[in-house]
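To start, the structure under review is shown below, and the notes come after it.
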There are 2 protein chains.
Amino acid sequence: MSEFALIEKYFKAGASAMVPVANPNAKDHLSVALGIGDDCALLTTSQDELMAISTDMLVEGRHFLPGVNPQWLGHKALAVNLSDLAAMGAQPLAFTLALALPASDPGWLENFSRGLFQLAKQFNCHLIGGDTTAGPLTISITIMGSVGNQQVLRREGAKLGDDIWVSGCVGDARLALGSLRQEWSISDLALAKVLPRMHLPTPRIALGLGLRSLASAAIDISDGLLGDLRHLLRASHVGAVIDVSALPISASLAQQPETIRWQCAAAGGDDYELCFTASPEKREQIEALSQKLSLPLTRIGFVSESAEAAIDLLDSQGQAIAASVTVNLLRSFDHFA
Amino acid sequence: MSEFALIEKYFKAGASAMVPVANPNAKDHLSVALGIGDDCALLTTSQDELMAISTDMLVEGRHFLPGVNPQWLGHKALAVNLSDLAAMGAQPLAFTLALALPASDPGWLENFSRGLFQLAKQFNCHLIGGDTTAGPLTISITIMGSVGNQQVLRREGAKLGDDIWVSGCVGDARLALGSLRQEWSISDLALAKVLPRMHLPTPRIALGLGLRSLASAAIDISDGLLGDLRHLLRASHVGAVIDVSALPISASLAQQPETIRWQCAAAGGDDYELCFTASPEKREQIEALSQKLSLPLTRIGFVSESAEAAIDLLDSQGQAIAASVTVNLLRSFDHFA
């Protein structure tokens with residue numbers, strides 16, 4: 001059973017049996033507005049404000065390589081959670097940290113906490129509690145942010161004909177990982193350039209805030225662009241047409257053979273960019289936001305009609321890419337595969 | 001370095017450098033009201049309401065025995081977090097679950113989620129999100145509850161001359177653990193009686209709610225009565241005099257030799273009872289609450305003056321217990337010891 005099927009069967013079902021749909025009478029009191037199924041859950045905290053909440057767990061050897069620089073790890077553990085807030089258009093507020101580590105190693109802890117707090121300060125996000133214990137190296141962060149209830153970005157909301165956008169460039173983290181794993185070989189220079197993209201991802205908080213009034217739907221790219229896009233399409237009950245040659249990639253990735261290029265850009269995880277949809281009427285405002293943030297925002301396709309969240313991939317000539325290729329690119333990262 | 005020193009040095013210090021003290025101008029917006037250092041952190045959510053938040057992490061072989069019944073484990077993982085809400089007088093609202101497990105085992109998951117949701121339903125506490133991954137069996141839950149900002153129970157607030165109370169009985173979980181670990185031998189009947197206390201603790205939510213207007217300070221007993229009491233005393237800048245013979249223990253524990261009895265009742269962890277202080281004027285109301293909840297509440301001593309959070313232990317004759325014995329009983333459970 002895959003990770004997604006497992007969550008669906010044992011936890012989402014049990015949770016749905018309990019969680020009430022947003023209760024309009026509870027607007028002045030803490031209540032559940034949204035449960036499992038988006039980048040964050042939402043709690044109603046006051047008349048017009050929501051708290052966005054997300055939890056991630058990183059396990060050594062699964063989400064990061066044994067012996068990784070602890071300062072990078074401290075950064076990344078918080079960055080992946082901040083990225084979930086970004087995808088909802090939320091402003092970071094606070095987080096808790098649960099940490100299991102094999103031994104109480106002062107050098108490791110000093111570096112880990114340095115990486116963690118540097119990023120926390122950058123986004124004014126406060127460590128408010130947690131738990132520390134001996135155990136196999138495991139980090140679980142729960143993050144909380146705030147967003148107006150009329151401004152929140154969701155996976156649902158993409159409309160037929162909307163543009164599909166992606167921020168920054170995609171695939172570098174996967175290119176670095178494949179090189180470290182010796183799936184392929186790249187130059188030392190290329191590796192030096194893409195390694196920070198894998199170890200020190202930049203959460204797109206400012207972009208998420210800027211998209212509050214522009215995007216119709218959004219998701220962050222943690223498990224691969226097409227796989228995550230598909231979650232968005234499913235939630236919105238639409239499909240997509242994507243121009244693979246339009247995917248924004250770095251010069252380092254552009255130098256690689258086509259199969260690696262596609263695999264990294266379309267199906268590589270760990271990029272923590274945002275993928276979002278917006279009405280074509282918003283193009284100018286989105287270009288202006290891109291300028292303001294000095295962050296490339298690239299149109300990679302459009303929303304189409306599909307009951308099955310189908311993604312049609314086109315090559316640079318506008319020709320459909322064979323289904324057999326598409327299937328492989330759509331395969332999202334599965335932690336139990 | 002002990003668990004407590006480690007948290008103090010690397011995380012509390014870094015967090016304190018950032019977290020502002022409660023900001024009276026931020027009362028209408030989400031803001032941090034209390035960071036690390038109590039059973040829960042507190043966020044201000046509206047004019048008069050706080051959100052209490054707590055995170056715990058359970059690691060196989062450290063917090064629970066390998067092969068433990070997954071239904072019990074699902075119960076306990078949530079119960080220890082609910083207990084933190086109880087200690088703050090908070091009403092449970094929602095939780096997130098981060099779960100690393102070695103394999104996607106449907107039988108295990110079905111039982112784990114059954115234990116989890118049974119308890120969640122009992123307290124109307126909704127699973128709103130989480131993360132599931134392969135890895136060494138580790139469970140991290142972050143729980144959220146609500147409490148009025150004039151009603152919240154804290155570790156600080158104990159006053160000179162206040163009574164010290166404990167709920168239920170203490171030491172059974174430790175008696176069971178010691179038997180399973182063959183530290184001592186108890187009868188099969190005694191073990192059958194105390195095992196549920198170890199595996200299926202009862203979070204004292206109703207007691208926490210009832211104590212909102214009665215207690216001056218409160219803490220839950222997870223690491224041992226005297227060790228946890230000491231955290232409360234430190235936060236309140238007071239000491240305590242405790243009558244060891246007054247500690248409420250079960251008939252099973254009462255049958256054990258004195259050394260085991262004391263060790264389990266005074267220093268055993270995993271009881272998840274509440275220890276709280278209250279003015280002697282509240283005795284009648286507390287007795288009435290005990291009746292209403294059908295839950296024994298026992299006075300075990302009183303708050304004394306001490307800059308070092310000293311605990312003086314008296315025996316049944318009112319005689320001071322030797323310092324050498326006291327030191328051992330005060331040694332709180334340390335996950336890195």
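Reminder, nothing fancy here: chain letters follow the sequence lines and each chain counts from 1.
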(request) Taking the side chain as every heavy atom from C-beta outward, state whether A/Leu97 and B/Thr55 have any atom pair closer than 4.5 Å. (result) no

(request) For A/Pro136 and B/Val59, work out which heavy atoms get closest and say how close. (result) CD-CG1, 3.8 Å

(request) Please examine the side chains of A/Leu43 and B/Met51, heavy atoms only from C-beta on, and report whether any two atoms are closer than 4.5 Å. (result) yes

(message) For the CE atom of A/Met57 and the CD1 atom of B/Ile139, what is their distance to the nearest 0.5 Å?
(response) 8.5 Å

(message) Among residues at least two apart in sequence or on other chains, which ones pass side chain to side chain donor-acceptor pair (under 3.5 Å) with A/Thr138?
(response) none

(message) Which one wins on heavy-atom pair count under 4.5 Å against chain A: B/Ser140, B/Gly129, B/Gly37?
(response) B/Ser140

(request) Name the region of B/Ile53, side chain, backbone, both or neither, that has any atom closer than 4.5 Å to a heavy atom of chain A. (result) side chain

(message) Does any backbone or side-chain atom of B/Leu50 lie under 4.5 Å from a heavy atom of chain A? Answer side chain, backbone, both or neither.
(response) backbone

(request) Classify the ring geometry between A/Phe112 and B/Phe11 as parallel (under 30°), tilted (30 to 60°) or perpendicular (over 60°). (result) perpendicular

(request) Any pair with a residue in residues 66-77 of chain B that passes salt bridge (Lys or Arg N to Asp or Glu O under 4.0 Å), sequence neighbours left out, goes on the list, sorted by first then second residue, please. (result) B/Lys76-B/Asp270

(message) Report which part of B/Leu42 has an atom under 4.5 Å of a heavy atom belonging to chain A: side chain, backbone, both, or neither.
(response) neither

(message) Just by distance, no angles: are the side chains of A/Ser46 and B/Ser46 close enough, under 3.5 Å, to form a donor-acceptor pair?
(response) no

(message) Counting only non-hydrogen atoms closer than 4.5 Å, does B/Ala94 touch chain A with its backbone (N, CA, C, O), its side chain (CB onward), both, or neither?
(response) side chain

(message) Do B/Ile128 and A/Ile36 have side chains that approach each other closer than 4.5 Å (heavy atoms only, starting at C-beta)?
(response) no

(message) Would you compute the distance between atom CG of B/Leu93 and atom CG of A/Leu30 and round it to the nearest 0.5 angstrom?
(response) 6.0 Å

(message) For a 4.5 angstrom cut-off between non-hydrogen side-chain atoms, does B/Glu49 reach A/Thr45?
(response) no

(request) Output the distance between atom OG1 (B/Thr96) and atom CD1 (A/Ile143), rounded to the nearest 0.5 Å. (result) 12.0 Å

(request) Find out whether A/Thr133 and B/Arg62 are in side-chain contact, i.e. whether some heavy atom of one side chain is under 4.5 Å from a heavy atom of the other. (result) yes

